[in-house]
Amino acid sequence: QDALILERLSSSKHIMDIYGYCGVVILSPFADGGTLEEKGLSSLKRKSSTERLKLMLDAAQGLAAIHEYGPIPSIVHGDLTEKQYMFVSGENLSEFRLVLADFNQAILMKRNSTAPDTACTFHRIDPDYGVFRSPEEYSHIPQTEKVDVWALGSIIYHILTGKQVWRAQYKKKDAEKAMIRGELPLIDDSIRNSNDLVDQALLNAFKMCYTYDPHKRPSAKDIARYLEDRWLALEGRKST
């Protein structure tokens, strides 16, 4: 399954390349830049605001690539965290690009025969998932690819605030109950009222991802388009 998804998405620069596979072994480029999780906030803080925005744009585009494969959403990552995003050398060996990988827990969605323009929902929750998953997973109700969008919001929250989502507020079970109630994690007023355009862009993207109702939650492509618009606008300001 991992190899199949990587092969099908090999045209996307935001997905890890695959050279071959045999059994449970996959041959892919070495993530010489480590993972987004391994980079840690200390190294990310050394990046400019615009660079952090571009990083989250790349993350959103990687997720959009798997959701947009085919005429309807057909692939759910199912385990989207910072450690699934990896840095590999770009064309310029001094630069790295962020790619999405690790599809061993992915869900291949089935077409809904009674509504061919949609995919069937699914049910899955792992008690060891932590607190970055969506309310519908903890509520044990039908799920769609939008669970990944919520998880992307958890990553954006970390990049924006410097804190792991929910960790400073609740223990795991209490955080799950808070999500089911429709609570949102706290964000300092210094960020909410920031004049930094990147802070505001990431804050808005986070809120989009953390839309409670999955039917109203924007798609990964919507998030990527929003972040791209903000990034291009800031790049345009810098060039002038």
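Note that the coordinates shown come from a computational prediction; the quantities given were computed from them, not determined experimentally.
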Colleague: Do you know which of Arg217, His215, Lys216 makes side chain to side chain donor-acceptor pair (under 3.5 Å) with Asp213?
Modeller: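 Result for side chain to side chain donor-acceptor pair (under 3.5 Å) with Asp213: His215.
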
Colleague: Phe103 and Ile26: side chain to side chain contact (heavy atoms under 4.5 Å, CB included), yes or no, with the steps?
Modeller: CA-CA 11 Å; Phe103 296 100; Ile26 290 176; over 6 Å; no

Colleague: In this structure, which one of Leu27, Leu6, Leu4, Leu9 forms a side chain to side chain contact (heavy atoms under 4.5 Å, CB included) with Ile18?
Modeller: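 Single pass found, and it is Leu6.
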
Colleague: Could you walk me through whether Arg133 and Asp148 pass the side chain to side chain contact (heavy atoms under 4.5 Å, CB included) check?
Modeller: CA-CA 8 Å; Arg133 305 303 301 169; Asp148 285 342; 4.3 Å; yes

Colleague: Treating Arg124 as the side-chain partner and Gly78 as the backbone partner, does any N or O pair qualify as donor plus acceptor under 3.5 Å?
Modeller: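 Yes, because the side chain of Arg124 sits within donor-acceptor range (under 3.5 Å) of the backbone of Gly78.
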
Colleague: Are Thr81 and Gln84 linked by a side-chain donor-acceptor pair shorter than 3.5 Å?
Modeller: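 Yes, Gln84 and Thr81 have a side-chain donor paired with an acceptor closer than 3.5 Å.
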
Colleague: Could you check whether Arg97 pairs with Asp17 (Lys NZ or Arg NE/NH1/NH2 to Asp/Glu carboxylate O, under 4.0 Å)?
Modeller: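 So Arg97 pairs with Asp17 through a salt bridge.
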
Colleague: Under a 3.5 Å distance rule, please check whether Gln169 uses its side chain to pair with a backbone N or O of Leu186 as donor and acceptor.
Modeller: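 Judged by distance alone, yes, a pair lies under 3.5 Å.
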
Colleague: Is the shortest side-chain heavy-atom distance between Glu137 and Met179 below 4.5 Å?
Modeller: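 With C-beta onward as the side chain, the pair stays apart.
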
Colleague: Would a distance-only check, ignoring hydrogens and angles, find a side-chain to backbone donor-acceptor pair under 3.5 Å from Tyr85 to Ala101?
Modeller: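 Not a single qualifying donor-acceptor pair exists.
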
Colleague: Is there a donor-acceptor contact under 3.5 Å from the side chain of Gln200 to the main chain of Arg192?
Modeller: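 Flag set: sc Gln200 to bb Arg192 pair under 3.5 Å.
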
Colleague: Could you walk me through whether Asp174 and Trp166 pass the side chain to side chain contact (heavy atoms under 4.5 Å, CB included) test, one step at a time?
Modeller: CA-CA 9 Å; Asp174 292 330; Trp166 297 112; over 6 Å; no

Colleague: State, with a plain yes or no, whether a side-chain heavy atom of Pro214 is found less than 4.5 Å away from one of Trp150.
Modeller: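 A side-chain contact is absent here, since even the closest heavy-atom pair is not under 4.5 Å.
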
Colleague: Among Arg167, Lys163, Glu82, find the one that has a side chain to side chain donor-acceptor pair (under 3.5 Å) with His158.
Modeller: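 That would be Glu82; it is the only one of Arg167, Lys163, Glu82 passing the side chain to side chain donor-acceptor pair (under 3.5 Å) with His158.
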
Colleague: Would you confirm whether Thr118, through its side chain, and Ala115, through its main-chain N or O, come within 3.5 Å as a donor-acceptor pair?
Modeller: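 Yes; at least one donor-acceptor contact below 3.5 Å.
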
Colleague: Might you work through the side chain to side chain contact (heavy atoms under 4.5 Å, CB included) test for Leu197 and Leu53, ending with a clear yes or no?
Modeller: CA-CA 10 Å; Leu197 295 178; Leu53 179 60; over 6 Å; no

Colleague: Do His67 and Glu145 get their side chains close enough for a donor-acceptor pair, meaning under 3.5 Å?
Modeller: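 No donor-acceptor contact under 3.5 Å links the two side chains.
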
Colleague: For the CG atom of Leu55 and the CG atom of Leu36, what is their distance to the nearest 0.5 Å?
Modeller: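 If we round to the nearest 0.5 Å, Leu55:CG and Leu36:CG are 5.5 Å apart.
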
Colleague: So how far is it from Leu202 CG to Ile155 CD1, rounded to the nearest 0.5 Å?
Modeller: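 Taking CG in Leu202 and CD1 in Ile155, the distance rounds to 12.5 Å.
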
Colleague: Check Asp229 with Arg225, please: is the shortest side-chain N to carboxylate O separation under 4.0 Å?
Modeller: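 Asp229 and Arg225: not salt-bridged.
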
Colleague: For the side chain of Ser74 and the backbone of Tyr69, is there at least one donor-acceptor N/O pair under 3.5 Å apart?
Modeller: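 Yes: the side chain of Ser74 pairs with the backbone of Tyr69.
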
Colleague: For Tyr170 and Glu183, test the side chains for any donor-to-acceptor distance below 3.5 angstrom and give the result as yes or no.
Modeller: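 A pair is found: one side chain offers a donor N or O, the other an acceptor, under 3.5 Å apart.
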
Colleague: Considering only heavy atoms from C-beta outward, does the side chain of Tyr210 approach that of Pro185 to under 4.5 Å?
Modeller: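 Yes. Closest side-chain heavy atoms under 4.5 Å.
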
Colleague: Hey, are the side chains of Phe122 and Pro142 touching, using non-hydrogen atoms and a 4.5 Å cut-off?
Modeller: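 They are not in side-chain contact.
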
Colleague: Using 0.5 Å steps for rounding, measure from the CG atom of Leu227 to the CE atom of Met208.
Modeller: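 Going from the CG atom of Leu227 to the CE atom of Met208 covers 7.5 Å.
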
Colleague: For the atom pair CG (Asn204) and CZ (Arg230), what is the distance rounded to the nearest 0.5 Å?
Modeller: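 Between atom CG of Asn204 and atom CZ of Arg230 there are 8.5 Å.
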
Colleague: Any side-chain heavy-atom pair from Leu63 and Ile66 closer than 4.5 angstrom?
Modeller: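 Yes, close enough: below the 4.5 Å cut-off.
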
Colleague: Below 30° counts as parallel, above 60° as perpendicular, anything between as tilted: where do the rings of Phe206 and Tyr157 land?
Modeller: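 Tilted: the ring planes of Phe206 and Tyr157 meet at 30° to 60°.
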
Colleague: Is there a side-chain contact between Leu100 and His14 in this structure, where contact means two heavy atoms from C-beta onward sitting under 4.5 Å apart?
Modeller: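 With C-beta onward as the side chain, the pair stays apart.
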
Colleague: Enter the distance from Met86:CE to Ser28:OG here, rounded to the nearest 0.5 Å.
Modeller: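 The OG atom of Ser28 is 7.5 Å from CE of Met86, to the nearest 0.5 Å.
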
Colleague: Check for a donor-acceptor pair, side chain of Asp188 on one end and backbone N or O of Ser190 on the other, with a separation under 3.5 Å.
Modeller: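 No; judged by distance alone, with no hydrogens or angles, the pair does not exist.
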
Colleague: Same cluster or not: Val76 versus Leu152, using hydrophobic residues (I, L, V, M, F, W, Y) connected whenever any side-chain heavy atoms lie under 4.5 Å apart?
Modeller: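 Result: no, two separate clusters.
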
Colleague: What's the spacing between Asn104 CG and Asp79 CG if we round to 0.5 Å?
Modeller: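 Here the rounded value is 7.0 Å.
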
